[in-house]
Protein chains: 2
Amino acid sequence: MLIFKAPEVTVQRLSLYLRALEKLPNNSVLSSKQFSKWIGVPDNQIRKDLAYFGYFGIRGRGYKVEKLKEEIIRILSLNQKKELAIVGVGKLGTALLAYPGFKKDKFQVKLAFDNNPEKIGKTLEGVKVHDVEKIPRLLPRYKVKIGIITTPASAAQYAANKLIEGKVEGILNFAPIRLITPDNVRVKNVDLSMLLEILSFYLSRNYQLDLSDLSLARV
Amino acid sequence: MLIFKAPEVTVQRLSLYLRALEKLPNNSVLSSKQFSKWIGVPDNQIRKDLAYFGYFGIRGRGYKVEKLKEEIIRILSLNQKKELAIVGVGKLGTALLAYPGFKKDKFQVKLAFDNNPEKIGKTLEGVKVHDVEKIPRLLPRYKVKIGIITTPASAAQYAANKLIEGKVEGILNFAPIRLITPDNVRVKNVDLSMLLEILSFYLSRNYQLDLSDLSLARV
DNA sequence: TAGATTGTTAATCGATTAACAATC
DNA sequence: TAGATTGTTAATCGATTAACAATC
């Protein structure tokens, strides 16, 4: 079946749907309308998002929770475990090593790297810290396809280059810098100071104009 | 002057522009074309983003770096220091307490909260940990307008409610849950497992179809 | 002045929302 | 069958990109 490529926001929402579905009993059935009301995403958007990948519902009835979960898991390819490597075990990197949000059954940090000789060889949160130079050699051995960069900005591009040499296909980047990567390596940035600056922008801005449905605002 | 409300992506890029501009000498002048080449954002988009807020350039010449920096700082209201509070001092919260990306001159964590009696009263990274129940009382005293939530998902909405009672206007949420907040409280989510799931989706998907400029893909 | 580049309007693109035929 | 809800097409909305008059 030929379909249009789904936009990334759709993939994002699939992840959201899955998380919600996991709170429901397997044998229940859910209409997009009910689902919409619960998670706050329009029902037609839910149906559209799913339609990019196939038809999973029953007309007149809704979606079987178990079936839908399975399908989303398959679409996101969460049926096989994903091994992770973290580069840069400062405070943030070390915290992420043991982050409970990375559910052990789906994502697991297998390798940690740093360039600080005092850290190399140590074991943090049960993960041994290696020299960054070893990234290209160790990654394939541990089947790591996703790297997490928690180095300072100055070291991030170098870390990315090593990860790319190690044949990762995805990078989660916490360093405040735009990485340069080949097209087949997807990067998701977590740019904390940018996020704070966005919040700063909206502080004390008056939303009354928005609420009145005017799209004009006075500077 | 009346202008259309700028979209959030524009605010996001302003933050990016500022970071880049800070690497240039104050007295230099930069055209949008040069800037574009450097940061990889189309020149007309740069001009459009800036035009939401005024006209800062010189026709035929470009933008004075110093002036542009000042304007963006003003737009993002980064000219006054922003105090932060962190709720939940587990590993991630503690790491963020000392996060160097929160430049001390712009953003500073003033308060930390937890509900664990063993942590309350301790001082971590130079910040004293208080009982979450004290959030509404302490926040105004420290002029905190932005809260960071690093609790488990199960405690996040309660933390958010307390922050809202304490009159925050922005929340940076690391818990994997969609918070419910009033319209005047902006939330930015950092959803690490969602980000990993997005990366997982794109793993091993072949981009050849994209590159050939077909927008059709075979499932 | 001639060349360059801004600020802004118009055209395009892509995602969201609305609407409804298909069908359980 | 009648009512409900999917899957999908069409309309709308909003952001990006293209184009260019204004002007340094």
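Hydrogens, waters and symmetry mates play no part in the numbers below; they use all other heavy atoms, side chains included. Every chain is numbered from 1, with letters handed out A, B, ... down the list of sequences. Note that the structure is a prediction, hence the values are computed from the model and not measured.
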Legend entry - Residues in contact with DNA chain C, drawn from residues 42-50 of chain B - heavy-atom cutoff 4.0 Å: B:R47, B:K48
Legend entry - Sidechain N-carboxylate O distance under 4.0 Å for B:D191, A:K188: no
Legend entry - Phosphate OP1/OP2 of D:dT16 contacted by B:R13 side-chain N/O (<4.0 Å): yes
Inset, instruction - Mind calculating the distance between CZ (A:F53) and P (D:dT8) to the nearest angstrom? - result: 14 Å
Legend entry - Minimum heavy-atom distance between A:L14 and A:I72, given as atom pair plus value: O-CG2, 3.6 Å
Inset, instruction - Could you tell me the separation between the CD atom of B:Q34 and the OG atom of B:S28, rounded to the nearest 0.5 Å? - result: 9.0 Å
Inset, instruction - Using a cut-off of 6.0 Å, state whether more than 12 heavy atoms not belonging to B:K69 lie near its atom NZ. - result: yes
Legend entry - Any donor-acceptor pair under 3.5 Å from B:D114 side chain to B:V89 backbone: yes
Inset, instruction - Grab the two heavy atoms, one from B:K82 and one from A:S200, that are nearest each other, plus how far apart they are. - result: CE-OG, 3.4 Å
Inset, instruction - Using a strict cut-off of less than 4.0 Å between a Lys/Arg side-chain nitrogen and an Asp/Glu carboxylate oxygen, indicate whether B:E165 and B:K162 qualify as a salt bridge. - result: yes
Legend entry - C:dG7 phosphate, OP1 or OP2, under 4.0 Å from B:Y63 side-chain N/O: yes
Inset, instruction - On DNA chain C, check which nucleotide each of B:G62 and A:T10 is closest to and give me the residue with the more 5' one. - result: B:G62
Legend entry - A:F56 CZ to D:dG7 P, straight-line distance once rounded to whole Å: 8 Å
Legend entry - d(NZ, A:K67; C1', D:dT6) in whole Å: 13 Å
Legend entry - Proximity to the side chain of A:R59 - top-ranked nucleotide from D:dG7, D:dA15, C:dT16: D:dG7
Inset, instruction - State, with a plain yes or no, whether a side-chain heavy atom of B:N161 is found less than 4.5 Å away from one of B:T181. - result: no
Inset, instruction - Please find out if less than 6.0 Å separates the ring center of B:Y17 from that of B:F35. - result: yes
Legend entry - Test: B:K67 and B:E70 ion pair at under 4.0 Å: no
Inset, instruction - Please report the closest heavy-atom contact between A:T94 and A:E125, naming both atoms and the distance. - result: O-CG, 3.9 Å
Inset, instruction - Using whole Å, report how far OH of A:Y52 lies from P of D:dT8. - result: 12 Å
Legend entry - Per-nucleotide pairing state of DNA chain C [Watson-Crick or G-U, under 3.5 Å; [ ] pseudoknot-crossing; | other strand]: ..||||||||||||||||||||||
Legend entry - Sorted by number, the residues of residues 24-40 of chain A with heavy-atom contact under 4.0 Å to DNA chain D: A:S31, A:S32
Inset, instruction - Give the rounded distance in Å between these two atoms: CZ of B:R61 and P of C:dT6. - result: 11 Å
Legend entry - d(CD, B:Q12; P, D:dA15) in whole Å: 13 Å
